[in-house]
Student: 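Mind looking over this structure? Questions follow.
Hydrogens, waters and symmetry mates play no part in the numbers below; they use all other heavy atoms, side chains included. By convention in this document, chain letters (A, B, ...) are assigned in the order of the sequence lines, proteins followed by strands, and residues within each chain are numbered from 1.
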Number of protein chains: 2
Amino acid sequence: MPKPISPSGLQDHLGYWLRYVSNQVSHSFSLKLAARDVTVAEWVVLRELYDVDAMAPSALADKLGMTRGAISKLAERLLGKSLLTRAPGEKDRRYHALALSDAGRTLVPELSALADQNDAEFFGDLTREDRAMVQRLMMGIVRRHALRVTPID
Amino acid sequence: MPKPISPSGLQDHLGYWLRYVSNQVSHSFSLKLAARDVTVAEWVVLRELYDVDAMAPSALADKLGMTRGAISKLAERLLGKSLLTRAPGEKDRRYHALALSDAGRTLVPELSALADQNDAEFFGDLTREDRAMVQRLMMGIVRRHALRVTPID
DNA sequence: TATTGTTATACTCTATAACTATA
DNA sequence: TATAGTTATAGAGTATAACAATA
């Protein structure tokens, strides 16, 4: 929280620290994913599709808090890598269902392990209680700001 | 921390939550800064220069954990907005000292207030203790990873 | 006309590498 | 040759807006 000292400094803001750590964590993760030729944004899409048979781009956009254009671009890349399939809906042909290809479905658990590893590298030294607290606080902020989140519950 | 359930999900990683919240906080901040025609990266440079008379680009790069190229590009933009001045060093003319212009120095406290406001919007509901704990944990992670940070202390 | 999706364009942020100037 | 700085290029990530197809 900013202390009321003349102009508050960068380090007085929690946002600064979150951005700093988050950037490092994401960058580190992106290096791990690069070995599989996948980016962080692509990983998010792949993991989201893992739990369902198929999903429309707009549903994906809603779940991930992204625009349809952004999803479309990501889908395009993943289709190019043969990690996704796309099929027009049967009833309403405006819906183009996205789904994991066999290769994509095989890949997700491996990427998941990389995510586990990356998380452990940065947060493994924290106690279980501290990790739980940070997660709880972050989820609370998300909820209070009515940010769109993957509704797991 | 990832629970050992087959492939861990996005929300099982603390990195996911940090990135999610951090992105929202930064985006919200960027909208506030846009009213002053300044970006988040530019704000960081301006605030860093506020506490000193002048600083060499390479010193700035070290402090902020960025490359010289990135700093150069930011400086270029800020010079174009007349928020910075650049002068070759007297002794060693390879050093081009960057400093705030009068307009830049006037602007920093206003941007600082926006940063305070933004931080309060997202973290104001947390208790003082929770905020302190998150900050302490983040700083600890930074320290353990020997990440380059503005050495305020 | 409203909705879904794609495409075109643009911009921030950042990196790497080539290049220039100075020492 | 080593260092400081700039410039060129590239790519991720994301948005907005124009557009096409379907309902």
Student: How is S72(B) classified with respect to the nucleic acid when contacts are heavy atoms under 4.0 Å: base, sugar-phosphate, or nothing?
Tutor: base

Student: Over the length of the helix from dT1(C)-dA23(D) to dA23(C)-dT1(D), how much do the five-pair end axes diverge, rounded to 10 degrees?
Tutor: 30°

Student: Please give, in whole Å, the distance from dG11(D) C1' to L33(A) CG?
Tutor: 16 Å

Student: Within this structure, what is the CZ-CG distance for the pair R19(A) and L18(B), rounded to the nearest 0.5 Å?
Tutor: 13.0 Å

Student: Counting N and O atoms only, with roles assigned by atom type, does the side chain of K63(B) sit under 3.5 Å from a partner on the main chain of S58(B), one being a donor and the other an acceptor?
Tutor: no

Student: With sequence neighbours left out, what residues match S72(B) under side-chain hydrogen bond (donor to acceptor under 3.5 Å, both in side chains)?
Tutor: none

Student: L64(B) has an atom CG; how far is it from atom P of dA15(C), in whole Å?
Tutor: 11 Å

Student: Just how far, in rounded Å, is P of dC13(C) from CH2 of W43(B)?
Tutor: 14 Å

Student: What parts of residues 85-98 of chain B reach DNA chain D, counting only heavy atoms under 4.0 Å away?
Tutor: R86(B), R94(B), Y95(B), H96(B)

Student: Passes salt bridge (Lys or Arg N to Asp or Glu O under 4.0 Å), E76(B) versus R86(B)? Steps please.
Tutor: CA-CA 10 Å; E76(B) 189 61 30; R86(B) 177 163 52 190; 3.6 Å; yes

Student: Rounded to the Å, how far apart are L60(B) CG and dA4(D) P?
Tutor: 14 Å

Student: Looking at side-chain heavy atoms only, is the closest gap between V25(B) and L14(A) below 4.5 Å?
Tutor: no

Student: Name the pairs: protein N/O against N/O of nucleotides 14-20 of chain D, kept only if under 3.5 Å.
Tutor:
from    : atom 1 : to     : atom 2 : distance (Å)
dT14(D) : O4     : K73(A) : NZ     : 2.3
dA15(D) : OP2    : T67(A) : N      : 3.3
dA15(D) : OP2    : T67(A) : OG1    : 3.3

Student: Using only atom types and a distance under 3.5 Å, with no angle test, would you say the side chain of D12(B) pairs donor to acceptor with the backbone of G9(B)?
Tutor: yes

Student: Distance alone, cut at 3.5 Å: any donor-acceptor contact between the side chains of N118(B) and H13(A)?
Tutor: no

Student: Any pair with a residue in residues 101-111 of chain A that passes side-chain hydrogen bond (donor to acceptor under 3.5 Å, both in side chains), sequence neighbours left out, goes on the list, sorted by first then second residue, please.
Tutor: R36(A)-E110(A)

Student: Grab the CZ-P distance between F29(A) and dG13(D) for me, whole Å please.
Tutor: 11 Å

Student: Let me know the distance between CD of E76(A) and P of dA12(D), rounded to the nearest Å.
Tutor: 14 Å

Student: Taking 4.0 Å as the cut-off, does a side-chain nitrogen or oxygen of T39(B) come that near to OP1 or OP2 on dC13(C)?
Tutor: yes

Student: Among L46(A), V45(A), D53(A), which one satisfies side chain to side chain contact (heavy atoms under 4.5 Å, CB included) with L49(A)?
Tutor: V45(A)

Student: What is the distance from CD1 of I71(B) to C1' of dT7(D), rounded to the nearest Å?
Tutor: 16 Å

Student: Strictly by modelled atom types, are T39(A) and R77(A) linked by a side-chain donor-acceptor pair under 3.5 Å?
Tutor: yes

Student: Rounded to whole Å, how long is the line connecting atom CG of L31(B) with atom P of dC11(C)?
Tutor: 17 Å

Student: With sequence neighbours excluded, what pairs up with K73(A) under the side-chain hydrogen bond (donor to acceptor under 3.5 Å, both in side chains) test?
Tutor: none

